[in-house]
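Order of the sequence lines fixes the chain letters, A, B, ..., with proteins taken first and strands second; residue numbering starts at 1 for each chain.
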Amino acid sequence: MKKIINSPGDVVPEMIDGLVRAYPQYVERIPGTEAVVRSNKSSMDGKVGIVSGGGSGHEPAHPGFVGKGMLSAAVAGQVFTSPTPDQIYEAIKAVNTGRGVFLVIKNYSGDVMNFDMASDMAELDDIPVKSIIVDDDIAVENSLYTQGRRGVAGTVLMHKLVGAAADQGASLEEIEELANKALPHISTIAVALSAATVPEVGKPGFELADDEIEYGVGIHSEPGYRREKIKTSHELAEELVSKIDRELKLDATHRYAILVNGMGATPLMEQYVFSHDLLDELATRKIKPAFMKVGNYMTSIDMAGISLTIFDLIDEKWLDYLNYPVETIAW
Amino acid sequence: MITAEIVDKWMKLFYSKISEQKAYLSELDTPIGDGDHGNNMMRGMQGVEDSLDKLSNPDLKTILKTVAMALISKVGGAAGPLYGTAFLEMAKNCEKTQAPAELFKLALEGIKKRGGATTGDKTMIDVWAPAVAALETDSLSVEKIEAAAAGTKDLVAKKGRASYLGERSVGHLDPGAVSSQYLFESFIEAGGIE
Ligand SMILES: Nc1ncnc2c1ncn2[C@@H]1O[C@H](COP(=O)(O)OP(=O)(O)OP(=O)(O)O)[C@@H](O)[C@H]1O
Ligand SMILES: [Mg+2]
């Protein structure tokens, strides 16, 4: 393992320190926690607070999306491990200005339970809390009998949506309704070229041969749905779009937002090449995105690969929310 | 009957088992999870150890609650809220009863409620449920607990990270079931069922 760190056990606190010291205009640490909150406190006045978070290793998610117009606070757990309820609870308290707090949770059993316990704690303090559990990864079949689908890069679009609505004064109930309405229209699928190495583990989460790729890998190296020999960017675009098409039933009369997300070790050069092929692939289906982002938004430490998120903008307002200005490190 | 002295001994024994088996637990978590269960439990038990050091002559409720809060605030992951909830339920109810069968039963109900899993889902519940049943008939033994943990090998995971693998989770022990095995073994060694 070769990493620019001091000691594997100190990565999370030192990363948070670096982040808040580099960007004091956007974020500060909530004392005694690994959570960050907006520096611009007055931007939260009279607004519903938006809190997200999860295991570390997905940077810039989630602290990079804290700021006016997006998240109010983000809680960082150990690498790939959910944060604890006491820290989430501190974040909830820090952003509550009387209109309640909305939690954006990725669908992992650890995250769901820890955020649940934190909302129980907040409710004892009479802070109204509502939440959405994001499960945009279509690699796994949805089933009542499993944990269900995982939350991945589409979560960032959810942050953007609810953050914009909150900044425009939406109530807790309205934000919940918005999140519930948008969720089924956000689908993500990934392809991995190599696995991530968790600092405390010291070796990659799985092995892929030099000429092998795996479709559907999760952001914590969860297994995907198929392994193959490496393909061209053009063929990858075809595979990922057709997988999402089966889910969202792409329709030339709809408007779509696209997020091409690098997993950590894939250069922007390759992400732009893929974007070119993706846009060609969409064009064959007569689709021209109404909104597009390319870059590292929800990474998996040093995994090589990309994910594609397509968001069907069935509501007029959603595009406005995506375009709404924010003051964050990373949107 | 569970007493504060037993809980103190129990936690010291559990701490040393977790320290010895930290790497093994994370290894079990690698093929069917994310390889962090041993690290998570170690962080939690270090927290328990540190908080218990600060108590002097605690009563049963205080010590159970201290264990619960340390686990909740240190473990993270799925195991933190589950183990934390278990101890919190015991703390909440230990003034009414100190019988292991009753307290562990309430703890198990807390785990089921928190995680929505049930017997046969290949989780820690597959050790907790038979352990509680055995406590109710005064027949808890190390052999029974070991057998329960070993039994998770043949199950298909339906909850937690391992459920992403579906059928491919068969053939692997559930890491949370194995750490729960250590928990019950430590309880017996601490004199909990004497
Ligand atoms: N819903 C559940 N109910 C009961 N036990 C569960 C549930 N989900 C997971 N577990 C138990 O937790 C163990 C895994 O704990 P671990 O500390 O590795 O958390 P994790 O799943 O990796 O969390 P995270 O995803 O946040 O990293 C499993 O082996 C299983 O016994
Ligand atoms: Mg784990």
Closest non-hydrogen atom pair, B:Arg168 against A:Pro223: NH1-CB, 4.2 Å
Residue-level interface, residues 93-125 of chain B with chain A, non-hydrogen cut-off under 4.5 Å: B:Arg114, B:Gly115
Residue among B:Thr85, B:Asn39, B:Val156, B:Asn40 with most heavy-atom pairs under 4.5 Å to chain A: B:Asn40
B:Lys9, NZ: over 12 other non-hydrogen atoms inside 6.0 angstrom: no
Spacing of B:Arg161 atom CZ and A:Glu222 atom CD [to the nearest 0.5 Å]: 4.5 Å
Least distance between heavy atoms, B:Pro81 atom then A:Met117 atom: CB-SD, 3.5 Å
Working for side chain to side chain contact (heavy atoms under 4.5 Å, CB included), residues A:Thr81 and B:Arg43: CA-CA 12 Å; A:Thr81 299; B:Arg43 216 172 32 246; 4.1 Å; yes
Spacing of B:Asp36 atom CG and A:Gln78 atom CD [to the nearest 0.5 Å]: 9.5 Å
Residues of residues 49-79 of chain B within contact distance of chain A, non-hydrogen under 4.5 Å: B:Ile72, B:Ser73, B:Lys74, B:Val75, B:Gly76, B:Gly77, B:Ala78
Heavy-atom neighbours of A:Lys3 NZ exceed 12 at 6.0 Å: yes
Pairs satisfying side-chain hydrogen bond (donor to acceptor under 3.5 Å, both in side chains), at least one member in residues 55-64 of chain A, at least two apart: A:His58-A:His220, A:His62-A:Lys106
A:Tyr108 OH to B:Asp34 CG distance, which is reported to the nearest 0.5 Å: 10.0 Å
Heavy-atom proximity to chain B below 4.5 Å, by part of A:Asp120: side chain
Residues in residues 84-93 of chain A that sit under 4.5 Å from chain B, counting heavy atoms only: A:Thr84, A:Pro85, A:Asp86
